[in-house]
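See below for the structure under consideration.
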Amino acid sequence: MNLSTLDLSIFGIYILGVIALGIYASRQGQQTKRDYFLAGDKLPWWMIGGSIIASNISSHHLVGAMGVAYSRGFVAIAMEWGAILIGFNALLWIFLPFYIRNGFYTVPEFLQKRFGAATRTTYAVLILLTYIFVEISAVLYLGALSLHSLLGFPVVTSVLVLAIFTGIYTIAGGLRAVIWTEMLQLAVLVLGGVALTVATVNAAGGISAVTETSKDWDLILPADDPDFPWTMYLGGTLCISIFYCATNQFIVQRVLAAKNEWHARMGVVFGDYLKFLIPVIITVPALVAPKLFPALEKPDLLFPTLVENLLPTGLVGLVMAGLIAAVMSHLSGAINSCTTILTVDVYLTYFRKNASEVQAVRFGRIAGVVIIAVGILCTGLFITQSDKPVFLYLMNAYGLFTPGIAVMFLLGILWKRTTQAGALTAGILTIPLSIVLEFVFPQMPFFNRTGVVFWTCMALCVLVSLATKPKPEAELAGLIWNKESLSLLPEEREQQRGWRNPAIWWAIITAAVLYFYIRYA
């Protein structure tokens, strides 16, 4: 499509604005590890919640999840809302106190303190593979696919432009630049999403078109469904959600940068509200789209189709800016998380234990350049995987890497008898077990496969732990969950009186999500 001058102006101003804001933010920090990787531990709750969701929502939602909703219906929202009930609850009520009170830079540091260096390294390897092959390359591909569909830009050119523009401010400013730009990107993303939703619903016949689809809203599907069997809630969804929301450097890094534990908790709860709202904005247009475009060849092309055919001049530029906002915020978060892990868990741990603050930051920037280059190369993998919604391939890929990680963290924090040998068994076997199951049972839904691997890893971890010597209890102080973990530290309890209590706001959003699951089961 040919963008008008107004659309191009809006789009161009947004791109330049993000880069300028990112560079400005990079100049506000100091050349220290804490400032570069954790924004100086000064984030308030609203920036934590906003940045969690801005980094989470990306082109695989605007493009991928919208494609799933077009082809499969309301169930596409299940993974997003399931995160509120499972993953973010695990972060809020189980893991968060231990991350904050121990002053960690990265999630793997918890594993080293709990088990030893080998588990930390295992996590670092698994998570870097996940970020490169799932987060960075997939997001680049889907963003480039949309730019190609709408503007005719070659996919490779779009990949390079997106990666370079995002890399400039991310590498220059670290987490501070990432957070500042993510808040702008979240606002543009929401505005663009609302504009597209309103235009699509109006074209389909108004609110009545949405309510008409409600008779087919199902969040619980039969066990033989190829993509979303109800059995996924027995293990696959549980495993992926806990990994992604509670043990994932990509998400947790924002919590680690909080002013204090109250801001961290309130930030996660605020993220729950955004996690409830934004998937609705993404899903509703897809539910009514079959009335307008009943025979799309590829579901992943729904987003550019709606933009091209339904939006007036001006709004096209805004929605395109929203798409690029989603891509850039997700990319910047993934790149920053990769550089943090490579610096703190690899470089400073194994190569330069006595590196200065300046040397650590310099290595982080070099690592960022390498990560971007590898991510660009890996986008080619997705070009051959586009015969069904790419969002499903992303979930499938998560299932390869995440069961062992979820087991290491869950048993490590909930069961003091867990040993390093048990945790390593779960972490090392997660990929081989996943590959074997996929080869032996190729028709098994990936959620079920992930669940089987998750529970198998947990059983093996328990057996090996019982057969090996545990750590002395004295070394586990402050690392095992207990009821005191639910409360703030005494010096912060004054902050949560009355309506400032995160538990109140948590209860409201949890009740809202449960209503939909019960109503549309």
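What you see below is based on every heavy atom in this structure, not just the backbone, and it leaves out hydrogens, waters and symmetry mates. Because the structure is predicted, anything quoted here is derived from the model rather than measured.
Ring planes of F276 and W81: parallel class, angle under 30° (limits at 30 and 60°).
Nearest heavy atoms, V268 versus V255: CG2-CG2, 4.0 Å. Among all heavy-atom pairs drawn from I136 and G375, the shortest one is CG2-CA, 3.9 Å. Nearest heavy-atom pair across A209 and A204 is CB-O, 3.5 Å. Of all non-hydrogen atoms in R254 and L43, the two that sit nearest each other are O-CD1, 4.0 Å.
Just one residue in the list L196, V194, V201 forms a side-chain contact (heavy atoms from CB on, under 4.5 Å) with V198, and that residue is V194. Of the residues F243, Y123, W415, the one that meets the ring pair (Phe, Tyr, Trp, His ring centres under 6.0 Å) test with F409 is Y123.
Side-chain atoms of N89 and W506 include a donor-acceptor pair closer than 3.5 Å. Inspection of the D345 and T106 side chains reveals an N or O donor paired with an N or O acceptor under 3.5 Å.
Within 6.0 Å of OH on Y14 lie more than 12 heavy atoms contributed by other residues, nucleotides or ligands. Dense packing is recorded around CH2 of W93, with more than 12 heavy atoms of other residues, nucleotides or ligands lying under 6.0 Å away.
For the atom pair CD1 of I48 and NZ of K259, the computed distance is 9.5 Å after rounding to the nearest 0.5 Å. One distance of note links OG1 of T402 with CG of N248; it measures 10.0 Å at 0.5 Å rounding. The distance from the OG1 atom of T305 to the CG atom of L310 is 9.5 Å, given to the nearest 0.5 Å. Note: F115 CZ to T418 OG1 = 5.0 Å, rounded to the nearest 0.5 Å. With values rounded to the nearest 0.5 angstrom, C245 atom SG is found 4.0 Å from F88 atom CZ.
Salt-bridge check for K113 with E109: failed, with every basic side-chain N at 4.0 Å or more from each acidic carboxylate O.
Annotation: side chain of Q112 is not in contact with side chain of T119 (no heavy-atom distance under 4.5 Å).
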